[in-house]
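Keep in mind the model is a prediction, meaning the values are calculated, not measured. In what follows, chains carry the letters A, B, and so on, assigned in the order in which the sequence lines appear, proteins first and then strands, with residues in each chain numbered from 1.
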Amino acid sequence: MKEKKFYITTPIYYVNDIPHIGNAYTTVAADVLARYHRMIGDRTFFLTGTDEHGAKIEKAAEKAGKNPKEFVDELAAKFELAWDELDISHDKFIRTTDENHIKAARNAMQYLYDKGFIYKGEYEGLYCLGCEQYKTEKELVGGKCPDHGTEPQKMKEECYMFKLSAFQDRILELIKKDELLVRPAERKNEIVSFLKNNPLSDISCSRKTVKWGIELPWDKEHTVYVWLEAFLNYLTGLGWDGRSPLHPPCEGGQSPLHPPCEGGQSPLIPLAKGGMWPPDVQLMSKDILRVHATIWPAMLLALNLPLPKQLFIHGFFLVDGKKMSKSLGNVIAPRDLIDKYGVDGARYLLMSATPFGHDGDVGWEKFDEKYNADLANGIGNLVARSVTLAEKMFAKNSGMQNIDENFQFSIFNFQIIFNNQFSIPTEDMKIKNVCQTYQDNFSLLKLEKVVDIINLQIKFLDSFITAVKPWEMIKNKDEEIGKIMYNILERLRIVSWMVWPFMPETAEKIWRQLGLKPAEEMKKDFNEAIKWGGLKPGTKIQKAEVLFPRVN
RNA sequence: CGCGGGGUAGAGCAGUUGGCAGCUCGCCAGGCCCAUAACCUGGAGGCCGUGGGUUCAAAUCCCACCCCCGCAACCA
């Protein structure tokens, strides 16, 4: 099998609140990558979902006068709806309350226990009687519980511990050698220096006091403490049953469920979906990097499973320079963005708000500016003017003439000059090279560069149109117009493919205006689709509604 | 010396194999009239945080210092 696979995950979101712009950012980014990989023909699996167990949810449910299951059902539905509204194309929405997840998690815990990675110990912490919860130092205000104003008491309880300490050296090595790639580089530095300088201690992985959770199979008084269980979603989301690595020897090195095993024996588990494991990219924000680069790989090592290839950490959004928080009242919900800018507008603004991997400052003013500049005045306007020109040309009884892209450069000089003194060699603007750079940047996850490439193509076409003045040629019945318009529309068609992972609906709207059927187009592979000549000269070009109305 | 990041045009940001400082918005002046009061061209506007060093050459590499932000583990 030559085809590649691509497995991407988002973290599962804790359902103690409705989705916000931060969750949406991670999810849209994952969606863009998943769509891109499907587009280039990779066998792709995109997993997202919700984390639904734990004391906080138990309490929040109680407060809302609901039983926990009802409570999480409602919130999980809100997440699913939000992703639906954002056109997220996940293959599976995993919930940690799913029957399969629970069963698998118990199997996995049992396995870890049997292998001696989990042992009985004690957890000591500061316990607030009012909250019936342990508090971390950070949660306390002046040494007191912010909710009850009382000082928490030191308490101990029996719990099970996971031998995290045993994995420190191996994890450090793996990260240093990029076998577990942590990107961007500054995040790798951070975690490497953390692992070098701080001894990892074993962590508690069960609670007696939390009822809303998954019971340990060998000790029903305990429930699994959240992190360990939550991480397993990346496996159970693929249909894993938790019986790791109890993979029967492959007879003759073959199995219908996964790629051939070496020597008939393999630690690879027969995951559903034909051997998707391990993840190629796991996206997350920086607050959960540390646990993902310690507990998570430790679990996989304990389970004897391959580690993810890459953890990619993106930044936080600041809203007008301030941290987004409920108390400041500056929380932006995905819904707010969609209402103002449309689904594709929202997706685009999230993805272009900041270089991928860095923190970014957002805000309504900035969103408005970017939306008008890039979408309304940029691609939206370009499509409108191109399609209108084509319609006018057809009305004058001229037709398009299929001619290769070199024609465009021959009349626009061999040196394309636009944007001040900035000049770009013709070679760089050739479709083949543009698409190559596009793909290179995508595989490096440089999404901001990918967006730049698209916008440069739009500028190029705008500049070209102004330079050749097709409207005059139409008036003068200049027969060269057929070639000019073909060049414009054909390049536009190819650009629309580049746009597709970010704004699928927009790409489809462009195709329709170009007389192409989205359903037919979607059958194509990217590399086939971007070949010059996809647009047939006789195609009926028809103007439709404005893609991105300006906002104020 | 806890760890990591940042300080570049009025605003927001790009910019490490060191090689004439760039983008978007805003501003000024032209052009165009196909298009969503849009598009194109040109212009003004920067001691690239400060002080040293390496180099023919530094925003970029090294050292010191100043200021800002995030993190400091069982916080889902």
Side-chain angles (χ1 to χ4, degrees), chain A residues 11-16 50-57 96 123 125 134-139 159 161-162 164 184 186-194 196-205 207 225-231 286-291 293-295 315-316 318 321 323 352-355 358-363 365-366 368-370 372-378 380-393 417-422 448-449 452 455-456 458-459 461-467 469-475 488 543 545-550:
Chain A
I12 45 175
Y13 306 109
Y14 201 58
V15 288
N16 55 358
T50 45
D51 185 7
E52 309 187 356
H53 287 127
K56 286 204 172 159
I57 283 168
T96 55
Y123 176 77
Y134 285 98
K135 295 284 171 183
T136 59
E137 298 266 342
K138 200 175 163 187
E139 282 175 304
C159 70
M161 306 289 288
F162 172 64
L164 180 58
E186 55 264 33
R187 296 269 100 89
K188 175 182 166 184
N189 294 344
E190 193 177 318
I191 202 70
V192 163
S193 106
F194 170 75
K196 264 187 197 159
N197 301 323
N198 304 67
L200 292 174
S201 48
D202 294 346
I203 57 167
S204 67
C205 63
R207 284 286 188 277
Y225 194 68
V226 286
W227 274 114
L228 253 70
E229 182 222 320
F231 281 134
K286 60 187 184 180
D287 53 337
I288 53 174
L289 163 63
R290 192 164 286 180
V291 285
T294 53
I295 304 173
F316 277 149
L318 297 175
K323 211 169 170 174
S352 61
T354 180
H358 296 161
D359 285 356
D361 196 17
V362 301
E365 252 177 68
K366 283 180 194 161
D368 282 356
E369 180 188 313
K370 196 110 180 108
N372 280 337
D374 295 352
L375 299 180
N377 301 347
N381 183 59
L382 173 65
V383 170
R385 70 192 300 212
S386 309
V387 169
T388 302
L389 283 168
E391 281 187 332
K392 295 197 178 191
M393 173 186 72
I417 299 168
F418 62 105
N419 261 346
N420 302 332
Q421 295 103 1
F422 206 57
E448 73 282 3
K449 296 257 195 261
D452 281 351
N455 286 327
L456 188 63
I458 289 160
K459 285 217 165 281
L461 279 170
D462 267 331
S463 177
F464 180 72
I465 291 172
T466 306
K469 301 187 184 13
W471 54 90
E472 275 185 12
M473 301 176 83
I474 292 168
K475 228 181 279 169
I488 293 169
K543 192 166 186 179
E545 88 276 29
V546 160
L547 291 179
F548 299 101
R550 286 177 60 86

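Which of B/rG4, B/rA72, B/rC33 sits closest to the side chain of A/Glu190 comes down to B/rG4. Among B/rC39, B/rC74, B/rG5, the nucleotide with an atom closest to any side-chain atom of A/Asp462 is B/rC39. Nearest to the side chain of A/Thr388, among B/rC34, B/rG4, B/rU36, sits B/rC34. In this structure, of B/rC39, B/rC3, B/rU36, it is B/rC3 that holds the atom nearest to the side chain of A/Ser193. Listed nucleotides: B/rG31, B/rG5, B/rU36. Nearest to the side chain of A/Asn189: B/rG5. Among the nucleotides B/rG4, B/rC40, B/rA14, the one closest to any side-chain atom of A/Pro355 is B/rA14. Side-chain proximity of A/His358 to B/rA14, B/rC25, B/rU36: nearest is B/rA14. Listed nucleotides B/rU24, B/rC39, B/rC34 differ in distance to A/Ala373; the shortest reach to its side chain belongs to B/rU24. Here B/rA72 is the nucleotide among B/rC32, B/rA72, B/rU36 with the atom lying nearest to any side-chain atom of A/Arg290. Taking every side-chain heavy atom of A/Leu200 into account, B/rA73 is the closest of B/rU24, B/rA73, B/rC34.
Rounded to whole angstrom, the span from the CG atom of A/Asn197 across to the P atom of B/rC1 amounts to 12 Å. Going from atom NZ of A/Lys449 over to atom P of B/rC23 covers 14 Å, rounded to whole Å. B/rU41 atom P lies 14 Å from atom CZ of A/Phe464, rounded to whole Å. Atom CG of A/Asn372 and atom P of B/rG26 are 9 Å apart (whole Å). Going from atom CG of A/Leu289 over to atom P of B/rG5 covers 13 Å, rounded to whole Å. What separates CG of A/Asn198 from P of B/rC71 is a distance of 16 Å, to the nearest Å. Distance, A/Leu456 CG to B/rC23 C1': 11 Å, rounded to whole Å. What separates CH2 of A/Trp227 from C1' of B/rA73 is a distance of 11 Å, to the nearest Å.
Side chains of A/Met393 and A/Met473 form no contact here, defined as non-hydrogen atoms less than 4.5 Å apart. Taking the side chain as every heavy atom from C-beta outward, A/Asn189 and A/Val192 never approach each other to under 4.5 Å. Residues A/Ile57 and A/Asp51 fail the side-chain proximity criterion, which asks for heavy atoms closer than 4.5 Å. The shortest distance between side-chain heavy atoms of A/Glu52 and A/Ile12 does not fall below 4.5 Å. Within the 4.5 Å cutoff, the side chain of A/Ile203 has no heavy atoms near those of the A/Trp227 side chain.
Among the protein residues, A/Glu52 comes within range of no part of the nucleic acid, since none of its heavy atoms lies under 4.0 Å from any strand. Across all strands shown, A/Leu164 has no heavy atoms under 4.0 Å from either base or sugar-phosphate atoms. Within the nucleic acid shown, A/Gly54 has no heavy atom closer than 4.0 Å to any nucleic acid atom. Note on A/Phe316: nothing from the nucleic acid sits closer than 4.0 angstrom, heavy atoms only. Base contact: A/Pro199 has a heavy atom under 4.0 Å from a base atom. Residue A/Lys543 is in sugar-phosphate contact alone, with no base atom involved, counting any heavy-atom pair closer than 4.0 Å across all strands shown. The residue A/Ser201 sits close to a base: some heavy atom pair falls under 4.0 Å. Contacts of A/Asn377 with the nucleic acid, taken as non-hydrogen atoms under 4.0 Å apart, involve only primed sugar atoms and P, OP1 or OP2. Across all strands shown, A/Asp361 has heavy atoms under 4.0 Å from sugar-phosphate atoms exclusively, and none from any base. Residue contacts shown for A/Ala230 are absent, as no nucleic acid heavy atom lies under 4.0 Å away.
Annotation: B/rU50 and B/rG10 have their P atoms spaced 14 Å apart (nearest Å). Here the separation of B/rU55 from B/rC62, taken at their P atoms, is 16 Å to the nearest Å. B/rG19 and B/rU24 have their C1' atoms separated by 26 Å, with the value rounded to a whole Å. Nucleotides B/rC40 and B/rG4 have their C1' atoms positioned 45 Å apart, rounded to a whole Å. Across B/rA44 and B/rG26, the matching C1' atoms stand 13 Å from one another, rounded to whole Å. B/rG15 and B/rC23: their P atoms are spaced 15 Å apart (whole Å). Of the P atoms belonging to B/rU60 and B/rG53, the separation is 14 Å, rounded to the nearest Å. Straight-line distance between the P atoms of B/rC1 and B/rC68: roughly 23 Å, to the nearest whole Å.
For A/Asp359 (side chain) and A/Phe316 (main-chain N/O), a donor-acceptor pair under 3.5 Å exists by modelled atom type. A/Ser386 places a side-chain N or O within donor-acceptor distance of the main-chain N or O of A/Leu382, the cut-off being under 3.5 Å. The backbone N or O of A/Leu164 lies less than 3.5 Å from a partner atom in the side chain of A/Asp202, making a donor-acceptor pair.
A 3.5 Å limit on both hydrogen-bonding distances identifies no Watson-Crick or G-U partner for B/rC20. Remark: B/rG30 base-pairs with B/rC40; criterion is Watson-Crick or G-U wobble with both hydrogen-bond distances under 3.5 Å. Summarising the base pairing, B/rC71 is matched to B/rG2 through a Watson-Crick or G-U wobble pair whose two defining distances lie under 3.5 Å. Across all strands shown, B/rC65 forms a Watson-Crick or G-U wobble pair with B/rG49, both key distances being under 3.5 Å.
Within the structure, every side-chain polar atom (N or O) of A/Lys469 is placed at least 4.0 Å from both OP1 and OP2 of B/rG31. Between A/Lys370 and B/rG12 there is no side-chain N or O to OP1 or OP2 distance below 4.0 Å.
Salt-bridge formation is not detected for the pair A/Glu472/A/Lys475: no Lys NZ or Arg NE/NH1/NH2 atom is positioned less than 4.0 Å from an Asp or Glu carboxylate oxygen.
The base of B/rC74 is paired with the side chain of A/Ser204 by a donor and an acceptor separated by under 3.5 Å.
Residue A/Glu369 is the one, among A/Gly378 and A/Glu369, whose nearest nucleotide of RNA chain B lies closer to the 5' end (criterion: closest heavy atom).
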